[in-house]
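Have a look at the structure below before the remarks.
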Amino acid sequence: MKILGIETSCDETAAAVVEGKTVETQNLASVRVLSNIISSQIEIHKKYGGVVPEIAAREHVLNILPVINKVLEIAGLNKKKPELNAIAVTIGPGLITSLVTGIETAKSLAYAWNIPLIGVNHIEGHIYANFINSHNSQHKTHNTNIKFPAIILTVSGGHTMLILMDGYGKFKTIGETRDDAAGEAFDKAAKMMGIGYPGGPVISAKAAQIINKSEIRNLKSEIRLPRPMINSDNFDFSFSGLKTAIRYALEGDKNWRDKIPEYCVEFQQAIIDVLIKKTISSAIKFNAKTIMLAGGVSANKELRKQLKKQVLKNNFKFSMPDLKYTTDNAAMIAAAGYFKFLRDEFTPWNSLQVDCNLEF
Ligand code: KG4
Ligand code: ZN
């Protein structure tokens, strides 16, 4: 079964074709990626230090059809009448003026090709990135390693959530950020230090310059940022105080420009400490078998490494997406679409609507 995925929720125009196969039940399903293209606008938005919605919208309109054409070609499909079983598209949450391009394109193509449409929540897409087969050449049943119930730490530019997954399509939010998302905190801290956009990759690269080097031990005691809500008896997060804390720390240190890697190490570690502590304690409380990582911040190498270590130490199974499927992409949307297809969760093309504040 072949699904075209379309993702335009923010500043990436993305399309992908995946092939799904099922042996007996969804538990033995496997998704492999036939083609996956992301047309990134980062270079355009960089100079503004963040995404400019109006510019993003115009870029999506220009890029969407060439990107779709290319993924059909790479997947070896006929561009006029491709042998696709469905189109899966992100319907929210995200920027309304960005989402609408993906949705209207998906509707038009589904109508023209007479195939079903599947609306996908962007967060659900990030989660299903864990179910993409990394051995692309063959259909291995990748997701048999994931046992339910699972706790998913979903961390992106717009969301920080702990989600309990009891089966395919069965999700319950058990905690989330009360203010800024973890990715947003990375982006804002990087902006304060004037080191680039998006903040997550630049902060982690600066931190990596000195991580594991001996001098860090001394600096750690010098620069100390809070771990907000780390001991609270719930699974919520708060990162806006951390952002204020780093601002005050920089303002109070006239030599901060010479210590950017050290600030990055401490800032990154403050976020990682809170995320790991709450993830492990929620998994214990909900008797989870597996812990999964999802969302753009799951590209963070230290988070991947440290979380994996703690998860295995606490005897849970662990899953994280391949690096290329961590930040926004359409393969994850198509993968989520495949599992929805198996449950007949289609949306008639004339009722598929954008919902920029779509809840999870
Ligand atoms: O999921 P995503 O691509 O878009 C949203 O749905 O928001 O996530 C983007 C976020 C940005 O805030 C970016 O700074 C963060 O993910 N990010 C990272 C890393 N790569 C991307 N954060 C920390 N470390 C990274 N390596
Ligand atoms: Zn995302």
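The shown structure was predicted, so the numbers you read here are calculated from the model rather than taken from an experiment. Just so you know, ligand 1 is whichever comes first in the structure, and atom 1 is the first atom listed for that ligand. Residue numbers count from 1 along this sequence.
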### Query
Taking both backbone and side-chain atoms of Asp187, is any N or O found less than 3.5 Å from an N or O belonging to ligand 1?
yes
### Task
May I ask you to check whether Thr327 has an N/O atom sitting below 3.5 Å from an N/O atom of ligand 1?
no
### Task
Specify the protein heavy atom at minimum distance from atom 2 (P) of ligand 1: its residue, its atom name, and the distance to 0.1 Å.
Asp328 OD1, 3.2 Å
### Task
Verify whether the ring centers belonging to Tyr338 and Phe131 lie closer than 6.0 Å.
no
### Task
Could you tell me the residue and atom name of the protein heavy atom closest to atom 15 (C) of ligand 1, and the distance to it rounded to 0.1 Å?
Val297 CG2, 3.9 Å
### Query
With a cut-off of 4.0 Å, which atoms of ligand 1 are near a heavy atom of Gly158?
7 (O)
### Task
Using distance alone, decide if ligand 1 has a nitrogen or oxygen within less than 3.5 Å of any nitrogen or oxygen in Gly296.
yes
### Query
What's the shortest distance from atom 10 (C) of ligand 1 to any protein heavy atom, and which residue and atom give it?
Gly157 N, 3.4 Å
### Query
To the nearest 0.1 Å, how far is atom 23 (C) of ligand 1 from its closest protein heavy atom, and which atom is that?
Gly200 CA, 3.3 Å
### Query
How is the N/O/S atom of His122 that comes nearest to the Zn ion (ligand 2) named?
NE2
### Close approach, Glu12 and ligand 1, non-hydrogen under 4.0 angstrom
no
### Summary
Among N, O or S atoms, His126 approaches the Zn ion (ligand 2) most closely through NE2
### Message
Please check this pair: side chain of Lys206 against backbone of Val265, looking for a donor-acceptor N/O pair closer than 3.5 Å.
### Response
no
## Note on the structure
Closest to atom 6 (O) of ligand 1 among protein heavy atoms sits His122 NE2, 3.1 Å
### Message
With the threshold set at under 4.0 angstrom, would you say Cys10 reaches ligand 1 through any of its heavy atoms?
### Response
no
### Query
Under 3.5 Å, is there a donor-acceptor pair between the His122 and Thr90 side chains?
no
### Task
State the atom name: nearest N, O or S atom of Asp328 to the Zn ion (ligand 2).
OD1
### Task
Decide whether an N or O pair under 3.5 Å exists between Gly183 and ligand 1.
yes
### Query
So does Lys70 have more than 12 non-hydrogen atoms from other groups sitting under 6.0 Å from NZ?
no
### Query
Short N/O distance, under 3.5 Å, between Thr326 and ligand 1?
no
